[in-house]
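In what follows, a structure is listed as structure tokens, so that the remarks can point back to it.
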Amino acid sequence: MNLKKPQHIIVIGAGIVGASLAYHLASKGAQVTVVEAGGIASGVTSTSFAWINTSCAGSDPIAALRAGAIEAYRQLETQVPGLTVRWHGALSYGTQDGRVSPGSILIDRTRIAQLEPQLRQPPEQALYEPEQGALDAVAATHALLAAARALGATVRTHTPVLGFSIQDGRVTGVETATKVIEADMVVLAAGTGTAALAQKLGASLPIHASPAIFLRYKAPPGLVRGIISSHAMEVRQAEDGTLLAAEDYVDEAPENQPAAMAQQTASTIRNELEGADAIALELACVGLRPMPFDGVPVIGYLPQVESVYVCAMHPGVVLAAIVGQLASEEIVDGQPASALEACRPARFQA
């Protein structure tokens with residue numbers, strides 16, 4: 001581990017994870033340059049359901065990390081202008097996935113109907129998690145990068161990284177089409193592109209692109225007050241009335257492609273919610289999530305080469321705030337975070 005305080009840190013990736021890293025690193029006094037192959041939040045950040053929760057099905061090797069997710073966002077809300085989370089709570093029922101968080105409350109049909117009055121047939125019982133919320137992940141990314149810029153950071157979009165400068169086993173910069181940008185430290189936070197970048201450094205990270213379907217509908221306001229996760233649908237409503245839904249990607253069959261799934265989900269929503277007859281599809285697409293093969297985030301220094309730190313994970317939006325905080329403490333302050341111990345890239349070495 002490199003405990004020398006870096007002077008210049010390059011963050012590769014301008015999704016919400018890279019943006020959180022940039023803000024936290026800059027707030028600690030580091031000189032930060034964000035390098036992004038496309039536009040800001042142009043990857044999986046733009047297709048995230050963005051449900052901020054601490055729930056997990058089964059045993060959780062990152063329980064300590066996940067436990068800090070909500071508080072880290074509450075802290076960011078007080079620090080970053082324009083970063084707002086809607087802490088409206090979540091209802092879960094009939095999903096059979098065993099997801100429970102410490103703040104879960106079992107509520108009855110009467111209370112469910114009070115929380116979500118548009119539900120046509122409220123279930124007998126549901127788990128209510130009042131501490132949970134959601135955000136506009138794209139707006140949050142822009143807000144974090146604006147705050148990083150205010151602290152002196154530079155953001156270079158549409159600048160693919162073609163390679164790395166390496167001297168004596170240490171990365172000293174990144175190569176772009178027009179120049180080499182020198183750095184004391186490089187952070188790989190490029191989502192599904194992280195594995196390919198690591199490969200250029202001789203490191204094999206088993207991270208694959210895991211598809212999920214993201215749907216957005218124009219809808220009348222007031223259909224959904226919080227988040228509803230049931231056997232039938234996973235939906236929430238943004239402040240402007242936009243209705244967001246998430247579906248599992250099943251396979252390549254035509255009936256399971258985004259457009260067909262959007263019709264099926266719309267039909268379900270109309271059946272489940274009073275007043276949803278007028279919803280109209282705005283977007284149906286597949287988002288590709290960076291999924292480590294063992295399901296555990298990859299966070300920490302690459303063992304193969306010095307001065308390279310990796311941040312690749314699912315759920316990225318959920319963990320962006322806490323990971324930005326802890327990773328910046330490791331990189332700038334040299335303070336190892338025990339909550340990240342299960343996440344180290346070194347676990348993939350033969």
Side-chain angles (χ1 to χ4, degrees), residues 43-53 55 57 86 88-99 109 112-113 115-129 132 134-138 192 208-291 314-318:
V44 71
T45 296
S46 66
T47 58
S48 171
F49 190 65
W51 175 3
I52 309 301
N53 66 80
S55 307
R86 298 181 70 203
H88 41 35
L91 280 177
S92 302
Y93 53 92
T95 56
Q96 308 299 322
D97 68 357
R99 287 173 176 261
R109 175 176 284 176
I112 294 165
L115 290 168
E116 294 292 354
Q118 300 306 113
L119 276 173
R120 291 184 189 273
Q121 294 182 311
E124 290 287 344
Q125 291 183 320
L127 283 177
Y128 177 48
E129 293 158 304
Q132 298 183 1
L135 51 65
D136 181 329
V138 173
T192 55
H208 69 282
S210 171
I213 292 177
F214 177 77
L215 306 170
R216 191 167 68 213
Y217 302 89
K218 186 175 181 180
L223 280 181
V224 182
R225 292 185 177 180
I227 296 164
I228 300 175
S229 178
S230 73
H231 65 286
M233 62 185 184
E234 187 167 283
V235 295
R236 69 178 183 86
Q237 198 160 18
E239 285 188 81
D240 64 359
T242 302
L243 194 68
L244 306 174
E247 296 286 349
D248 292 334
Y249 185 92
V250 179
D251 55 35
E252 295 183 2
E255 65 270 20
N256 292 324
Q257 291 307 291
M261 291 292 288
Q263 290 186 352
Q264 297 169 32
T265 300
S267 177
T268 298
I269 292 170
R270 293 184 185 110
N271 289 336
E272 295 285 319
L273 297 174
E274 193 75 44
D277 293 344
I279 67 171
L281 183 67
E282 285 188 337
L283 175 69
C285 65
V286 174
L288 297 175
R289 304 166 297 182
M291 189 74 73
H314 175 73
V317 173
V318 173

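Rounded to the nearest 0.5 Å, atoms NZ (K218) and CG (D240) are 10.5 Å apart. Note: E234 CD to F49 CZ = 4.5 Å, rounded to the nearest 0.5 Å. For the atom pair NE2 of H231 and OG1 of T268, the computed distance is 9.0 Å after rounding to the nearest 0.5 Å. Distance check, rounded to the nearest 0.5 Å: CG of L281 to CG of L283 gives 7.0 Å. Here S48 contributes atom OG and L244 contributes atom CG; the two are 9.5 Å apart, rounded to the nearest 0.5 Å. Between the CG atom of L119 and the OH atom of Y93 there is a distance of 4.5 Å, given to the nearest 0.5 Å.
At most 12 heavy atoms of other shown residues, nucleotides or ligands fall within 6.0 angstrom of atom CD in Q263. Sparse packing is recorded around CD of E252, with 12 or fewer heavy atoms of other residues, nucleotides or ligands lying under 6.0 Å away.
Across every non-hydrogen atom of V317 and A137, the tightest pair is CG2-CB, 4.1 Å. The shortest non-hydrogen separation linking A284 to A259 is CB-N, 4.4 Å. Residue Q132 comes nearest to W51 through the heavy atom pair OE1-NE1, 2.8 Å, listed as atom of the first residue, atom of the second, then distance. Contact between Y217 and A245 at its shortest, heavy atoms only, is CE1-CB, 4.3 Å. Here the closest heavy-atom approach between residue R120 and residue G275 is recorded as NH2-N, 4.4 Å.
With no hydrogens or angles considered, no side-chain donor-acceptor pair links E272 and S230 at under 3.5 Å.
Taking a cutoff of 4.0 Å between a charged side-chain nitrogen and a carboxylate oxygen, E282 and R216 qualify as a salt bridge. R225 has no carboxylate O lying under 4.0 Å from a charged side-chain N of E116, or vice versa, which leaves the two without a salt bridge.
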